[in-house]
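Chain A is the first sequence line, chain B the second, and so forth, proteins listed ahead of strands; every chain is numbered from 1.
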Number of protein chains: 2
Amino acid sequence: MSKPEASHSPPEPESTESTRRRILEAALDEFSEHGRAGARVDRIATAAKINKAMIYYHFSSKDNLYREAIADICGRIAGDVAQHALAGGTLEEVLRAIASAYAELFRSRPQLRSIFLDELARPQGEILEVIASALRDSGAPKLLFGRLQEESVSGRMREVDIKQAVTSFITLNLGYVFLHPLIDRLLGIEDTGAFMEERKTALVDLFLHGVEVRS
Amino acid sequence: MSKPEASHSPPEPESTESTRRRILEAALDEFSEHGRAGARVDRIATAAKINKAMIYYHFSSKDNLYREAIADICGRIAGDVAQHALAGGTLEEVLRAIASAYAELFRSRPQLRSIFLDELARPQGEILEVIASALRDSGAPKLLFGRLQEESVSGRMREVDIKQAVTSFITLNLGYVFLHPLIDRLLGIEDTGAFMEERKTALVDLFLHGVEVRS
DNA sequence: TATATATAACTAAACAGTTGGTTAAACCAA
DNA sequence: TTGGTTTAACCAACTGTTTAGTTATATATA
């Protein structure tokens, strides 16, 4: 006595939050993989296992979905970075903690990388501001800036422009994350993961030596 | 006695090279501004002042046009960088020359930045190889690697992993170029151009101090 | 020398498929 | 019954690409 399968039987209605979440997650994957212009709404719908119209019901437009998907994940960045217990300690300890935090951020949230690169390639003020805020709220830039100022004032660090120094540390960290497809080819690096692991130590080492007072 | 205007009268045929050049230039602008998926063939045709069908006559497909436009401009990179007379001199002089070359490359060819970021975001082996080859052929990576090895062997440089050191120098240089929209926001930098100028000196300074033997 | 032919470059129009988005109706839990 | 959620079908515009026709020019041929 088998029940006739309905030609269309919608799954049990879920909570709004649950549906939105599924859409946001599918969207982030799609935008990460194809970029904003290359992403397809119907692919997002398929991946989220919903009818395409639901995307418009919840998010109004493709563009708005893009914005909200990024805002959603950026909202997690501060928490992710905080896991690395950025706090006091020697300058070296602080730098190591930040380097680890950044490396782990992009390792644990692989969609972030391509989306950040997209927004860097063609910045949209609004979205870039969301990203910048997230990184700011992580506390890392402020901690870095503050510590470098202390070191400078106390004479443990050479006289260098603090903004340039912070820029250098950030680019030393994020540089390989973002540029590794190119660098791997230029230098014949075959194990990106291993190189990234060594990198965390190497970049802190270089930076510390670069800023310390010559004895 | 006016001649009746033909309903459609194609202009005199130009040389193939001239038409192709116009298309390639318009294409590079379009791809740079909108990305591969966001670029529109009809916009490229309008910008190049040709009939859209000519793009297919000369380049077969949008994708092939993308590839050829990038290959075309990458073919110029080696020459651009060579303008900076990368040669011998002290390590500092070599590093300064390379830093200048990189900064000038992206300043003088503004389309490169977003296109490189696109390919870094979603690498296509073939195109990334064209880009890597262009940078390789510029001679800068080899010069850098070679000089750092010399310095290491002769004891003027600390014992550091050369690949990590080269990676650091490249990321110190290209990092700000690519990440400046974000860094400017994080650090409150208002004059990107001025900061970039200072950067050339600051990054070489940091790097040199970072690798030199402690006396 | 005049004429025919082939070819490359070019055109406007057409094409077929895809895209983001819309709509009216159905569904369902409270 | 109500209001929120969901559906299948639909839509106009857009997209990359193709087609058939035109023109200028070089070359072959009678």
Legend entry - For B/Ala47 against B/Ala26, the heavy-atom pair lying closest together: CB-CB, 3.9 Å
Legend entry - Closest to side chain of A/Lys62, choosing from C/dG20, D/dT6, C/dC10: C/dG20
Inset, instruction - Would you mind reading off the distance between B/Tyr57 atom OH and C/dA12 atom C1', rounded to a whole angstrom? - result: 17 Å
Legend entry - Nucleotide D/dT6, atom C1' - distance to CD1 of A/Ile23 in whole Å: 11 Å
Inset, instruction - Nearest whole angstrom, please: distance from the P of C/dT11 to the NZ of B/Lys49. - result: 13 Å
List, with names and distances, any nitrogen or oxygen atoms from the protein found under 3.5 Å away from nitrogen or oxygen atoms belonging to nucleotides 9-13 of chain D.
none

Inset, instruction - Ignoring backbone atoms, establish whether B/Tyr56 has a side-chain N or O less than 4.0 Å from OP1 or OP2 of D/dT18. - result: no
Inset, instruction - Would you please say whether a donor-acceptor pair under 3.5 Å links the side chains of B/Asp184 and B/Tyr176? - result: yes
Legend entry - B/Arg22 CZ - C/dC10 C1' separation (whole Å): 11 Å
Inset, instruction - Considering non-hydrogen atoms only, spot the tightest contact between A/Leu203 and A/Leu172 and give its length. - result: CD2-O, 3.6 Å
Inset, instruction - Would you kindly say whether A/Arg185 and B/Ser133 are connected by a side-chain donor-acceptor distance under 3.5 Å? - result: no
Inset, instruction - Specify the closest pair of heavy atoms between A/Val177 and A/His180, including all atoms of both residues, with the distance to one decimal. - result: O-CD2, 3.3 Å
Inset, instruction - Please work out which of the three classes, parallel, tilted or perpendicular, describes the rings of B/Tyr66 and B/Phe31, given edges at 30° and 60°. - result: perpendicular
Inset, instruction - Compare side-chain N and O positions of B/Thr19 against OP1 and OP2 of C/dC10 and report whether any pair is under 4.0 Å apart. - result: yes
Legend entry - Distance, rounded to the nearest Å, where A/Ile50 contributes CD1 and D/dT7 contributes P: 8 Å
Legend entry - A/Asp118 bridged to B/Arg122 by N-O distance under 4.0 Å: yes
Legend entry - D/dG4 phosphate, OP1 or OP2, under 4.0 Å from A/His58 side-chain N/O: no
Inset, instruction - Could you tell me whether B/Arg109 and B/Asp80 have a side-chain N and a carboxylate O separated by less than 4.0 Å? - result: yes
Legend entry - Close residues, residues 28-44 of chain A, relative to DNA chain D [heavy-atom separation under 4.0 Å]: none
Inset, instruction - Could you state the atom-to-atom distance from CE of B/Met54 to C1' of C/dA12 in whole Å? - result: 14 Å
Legend entry - B/Phe116: partners by ring-ring contact (aromatic ring centres under 6.0 Å, His included), with sequence neighbours left out: B/Phe106
Inset, instruction - Could you tell me the separation between the CD1 atom of B/Ile55 and the C1' atom of D/dT18, rounded to a whole number of Å? - result: 14 Å
